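Worksheet: the structure to be examined is printed underneath.
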Amino acid sequence: MDTRYDYQALEDKIYKRWEESGFFNPDVCVKKGVTKKDAKKFSIVLPPPNVTGNLHIGHAAMLAIEDIMVRYARMNGKKTLWLPGTDHAAIATQAKVESLIYKKEGKNRHDLGRDEFLRRVEEFAKESHDNIVRQVKKMGSSVDWSREAYTLDEKRSLAVRTAFKRMHDEGLIYKGARIVNWDPKMQTTVSDDELEYVEEKAPFYYLKFGPFVIGTARPETKFGDKYVVMHPDDARYKKHKDGEKLEVEWINGPITVTVIKDKAIDMKFGTGVMTITPWHDATDFDIAERHGLDKEQVIDSYGKLLPIAGEFAGMHISKARPLIAEKLKAKGLLKKTEEDYVHNVAVNQRGGGKIEPQIKEQWFIGVNKEFVLPKSKIKGVKSGEKTTLKKMMKAAVKGNQIKILPKRFEKVYFHWIDNLRDWCISRQIWYGHRIPVWYKGGKTYCGINPPKGEGWIQDSDTLDTWFSSGLWTFSTLGWPKETKDFLEFHPTSVLETGYDILFFWVARMILMSGYLLCDIPFEKVYLHGLVRDAQGRKMSKSLGNTIDPLEMSEKYGADAVRLSLIIGSAPGNDIKISEDKIRGYRNFATKVWNASRFALLNYSEIKAKPQFTADDKKRLAEVSALKKKVSEHIEKFDFNRAGDELYHYFWDVFADKVIELLKIRLNSDNLRDRAAAQETLIKMLKEQIKMLHPFMPFVTEEIWGLLPGNKGKLLMVEKWT
RNA sequence: GGGCAAUUAGCUCAAUGGUAGAGCGCUUCGUUCACAUCGAAGAGGUCACUGGUUCGAUCCCAGUAUUGCCCACCA
């Protein structure tokens with residue numbers, strides 16, 4: 001046994017042994033007798049990484065946490081499935097490939113055409129996938145590769161089309177002209193959750209509008225204005241009655257406007273009066289809907305003004321804005337300009353442009369539309385009783401059927417549902433699941449397979465990537481077929497992911513599973529924090545503070561990287577990491593190795609019957625007590641404390657005290673005493689190696705195989721107790 | 001505007017109703033003895049502040065301050 005633990009040489013070899021054993025697959029475990037046939041299940045799906053490139057340190061944290069749960073469950077005799085896969089990440093992947101191609105060849109997707117472009121994306125996705133698989137393996141993740149899935153593969157596509165059709169036929173999915181977040185750069189809609197707000201400084205104009213003064217940062221939207229809105233309780237405008245008509249001199253001449261009273265107006269903001277642009281603003285759209293007002297388009301999909309803008313038609317809004325302000329000024333309509341007004345501008349999170357709200361024909365999932373669950377397994381939703389997606393999503397968590405940990409995120413979840421609007425699921429991008437709807441003449445057909453007959457044209461839109469992710473807990477198990485896997489492993493035991501995708505993903509899974517299966521997708525949700533640098537800053541390429549888990553694994557071993565991501569951060573809190581911290585845990589791995597080496601060097605087959613001292617018994621009892629504590633912590637998802645206890649017992653007590661005290665007795669002439677010392681040492685070590693396995697699987701597996709009586713055995717399927 | 005969290009050693013963070021812990025850093029000493037990727041010893045903290053509950057509060061409660069995050073909104 002070498003002085004040093006050579007993780008570089010060993011980790012890949014160990015992973016290969018695990019893979020070849022087949023024990024990542026629960027069926028093999030049953031077949032080979034390491035798991036009982038009727039054992040309880042423990043199932044978890046891997047949150048599929050996007051095929052946009054490499055795994056980052058956040059993925060490593062996720063893999064470490066999940067692997068601890070999975071290895072613990074497996075060692076406890078559960079029928080354990082950890083199902084891996086990757087996500088096609090529609091818009092993110094398309095944006096990435098588009099930009100790569102543009103940089104390299106100066107071409108955009110339209111230059112290449114849909115087929116060729118998709119071929120390129122697939123090529124990129126494949127490479128990215130292979131890379132991800134390599135990295136997942138490198139971290140020691142005990143996932144069942146035989147069941148690997150991709151959100152865009154054939155089986156998952158069938159699930160998507162089936163889900164779409166069922167929701168479409170129920171009327172939950174509908175096509176409608178509603179206001180959406182339009183990204184003029186990517187030329188697609190994005191959902192509310194995909195927006196990011198950035199502060200922007202812009203001039204803020206106060207304009208004379210008949211007897212009123214209105215404020216705006218966007219004069220370019222004002223061409224179609226013909227309604228002026230104020231709060232019904234606003235005393236200042238009491239004399240103006242709802243529905244009153246006024247003649248007003250405006251940008252391109254006199255217009256007739258109608259007074260509207262609506263409670264959405266904030267009396268304290270500006271003058272308490274505003275004009276509305278229903279086509280280009282969500283709040284305005286809602287007001288217009290409430291009062292049945294006309295909606296007019298002013299800006300086109302590319303951000304250019306339409307003929308309604310008169311002389312400004314065809315001009316891009318960014319260019320037109322100052323010119324319009326000038327014209328207003330010349331006409332004496334501009335009362336005041338506030339420079340450097342700070343407001344938030346919505347931007348497409350996925351590398352897109354500034355959002356221009358537009359009214360568009362899109363596909364939506366109606367979250368307030370009533371339907372009936374035939375055979376509800378969700379507490380709080382009765383079979384045959386009317387419910388809505390919103391109500392159902394709430395009920396699943398409210399009844400404690402799904403537990404979200406840490407518990408504070410339950411509130412966040414409820415709050416999000418309260419604010420939820422219909423989910424826009426269509427995207428005008430090419431990479432993704434094509435909407436399973438076909439048109440011919442005036443006819444529309446929605447089906448799992450294309451309609452028979454000539455001349456049908458499929459809807460050109462694709463689905464929001466989260467539509468397919470929402471099905472992940474069961475599409476990966478074979479749904480819509482009632483497979484053995486599906487019956488055995490669904491609902492899954494735990495869903496573990498970062499709190500940043502609680503809405504995007506966790507909530508959508510509850511929605512999909514609830515409607516399609518009348519059941520919950522998972523029993524528990526454990527949310528981990530975001531990984532930050534030693535100063536608590538977000539890791540980003542521009543800050544240059546990223547820590548690459550692969551590079552760190554090469555340098556210090558995957559076990560060290562895993563421990564550094566687990567220990568020292570409380571559940572749900574952000575995880576701080578630094579190279580120093582990783583080095584610290586590398587030292588621990590070396591410590592474990594050396595202590596084991598010492599135990600082995602001092603082990604011999606002694607015939608004498610060991611005569612244990614009171615101290616020996618006390619130590620062995622200590623280790624049992626430790627196991628109890630560690631088990632409790634793991635079951636409560638408190639991996640930090642479990643790891644911390646193990647670390648300190650091993651180092652401070654076992655290595656520094658116990659071994660030192662046993663040294664004399666290990667050379668004793670009293671054979672019975674010597675045997676007792678040896679036994680105590682090996683037993684304590686074995687127990688600790690076992691307990692450490694979920695946390696640092698590589699070094700412990702290697703040591704296990706070297707311990708007496710373990711030749712050829714695999715620690716990963718040893719019994720925990 | 002609403003909500004959530006944090007505030008503990010030089011730095012980054014844990015834990016706990018009974019005069020505080022770790023990693024890294026720092027100081028001193030120590031390598032024939034598993035390990036210098038080490039060991040031993042040590043310095044370093046009115047646990048943000050103010051009240052309250054309690055025999056006792058860093059921990060529970062209320063308030064204040066600062067920081068961070070989430071949601072809504074900014075016409």
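Bear in mind that the values here come from a model prediction, so they are computed numbers and not experimental data. Every chain is numbered from 1, with letters handed out A, B, ... down the list of sequences.
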Hey, does [X] reach any base, or is it just sugar-phosphate, or nothing, if we go heavy atoms under 4.0 Å?
{"X": "Ser564(A)", "value": "nothing"}
{"X": "Ile567(A)", "value": "nothing"}
{"X": "Thr283(A)", "value": "sugar-phosphate"}
{"X": "Asp656(A)", "value": "sugar-phosphate"}
{"X": "Asn573(A)", "value": "sugar-phosphate"}

Nearest listed nucleotide, side chain of [X], among [options]:
{"X": "Ala655(A)", "options": "A34(B), C73(B), C38(B)", "result": "A34(B)"}
{"X": "Phe503(A)", "options": "C4(B), C70(B), U37(B)", "result": "C70(B)"}
{"X": "Glu660(A)", "options": "C24(B), C35(B), C4(B)", "result": "C35(B)"}
{"X": "Trp651(A)", "options": "G23(B), G39(B), C74(B)", "result": "G39(B)"}
{"X": "Asn419(A)", "options": "C4(B), C71(B), C24(B)", "result": "C71(B)"}
{"X": "Arg641(A)", "options": "C74(B), C24(B), U16(B)", "result": "U16(B)"}
{"X": "Asn640(A)", "options": "C38(B), A14(B), C35(B)", "result": "A14(B)"}
{"X": "Asp580(A)", "options": "A34(B), C24(B), C74(B)", "result": "C24(B)"}
{"X": "Lys591(A)", "options": "G39(B), C71(B), C4(B)", "result": "G39(B)"}

Whole-Å distance between [N] [atom2] and [X] [atom1]?
{"X": "Asp418(A)", "N": "C71(B)", "atom1": "CG", "atom2": "P", "value": "15 Å"}
{"X": "Arg586(A)", "N": "C24(B)", "atom1": "CZ", "atom2": "C1'", "value": "13 Å"}
{"X": "Lys663(A)", "N": "U32(B)", "atom1": "NZ", "atom2": "P", "value": "12 Å"}
{"X": "Phe204(A)", "N": "C74(B)", "atom1": "CZ", "atom2": "P", "value": "11 Å"}
{"X": "Ile417(A)", "N": "C70(B)", "atom1": "CD1", "atom2": "C1'", "value": "15 Å"}
{"X": "Leu195(A)", "N": "C71(B)", "atom1": "CG", "atom2": "P", "value": "10 Å"}
{"X": "Leu685(A)", "N": "C35(B)", "atom1": "CG", "atom2": "P", "value": "16 Å"}
{"X": "Asp500(A)", "N": "C71(B)", "atom1": "CG", "atom2": "C1'", "value": "15 Å"}

Given Tyr585(A), which of Tyr556(A), Tyr7(A), Tyr647(A) fulfils the ring pair (Phe, Tyr, Trp, His ring centres under 6.0 Å) condition? Tyr647(A)
Counting only Watson-Crick pairs (N1-N3 plus N6-O4 or O6-N4) and G-U wobbles (N1-O2, O6-N3), all under 3.5 Å, who is the partner of [N]?
{"N": "A9(B)", "value": "none"}
{"N": "C26(B)", "value": "G42(B)"}
{"N": "C49(B)", "value": "G63(B)"}
{"N": "G68(B)", "value": "C4(B)"}
{"N": "A36(B)", "value": "none"}

Report yes or no: do Ser604(A) and Gln678(A) form a side-chain donor-acceptor pair below 3.5 Å? yes
What do you reckon, are the aromatic ring centroids of Trp250(A) and Phe209(A) less than 6.0 Å apart? yes
Phe212(A)-His240(A) aromatic ring centre distance below 6.0 Å: yes
Below 4.0 angstrom, N of the basic side chain to O of the carboxylate: do Lys394(A) and Asp418(A) qualify? yes
P atom, A48(B) versus U16(B): distance in rounded Å? 16 Å
Taking only the P atom of each, what is the distance from G30(B) to G68(B) in whole angstrom? 48 Å
Without swapping roles, check the side chain of His633(A) against the backbone of Asp638(A) for a donor-acceptor pair under 3.5 Å. no
Is the Lys NZ or Arg CZ of Lys335(A) less than 6.0 Å from the centre of Tyr206(A)'s six-membered ring, within 45° of the axis? no
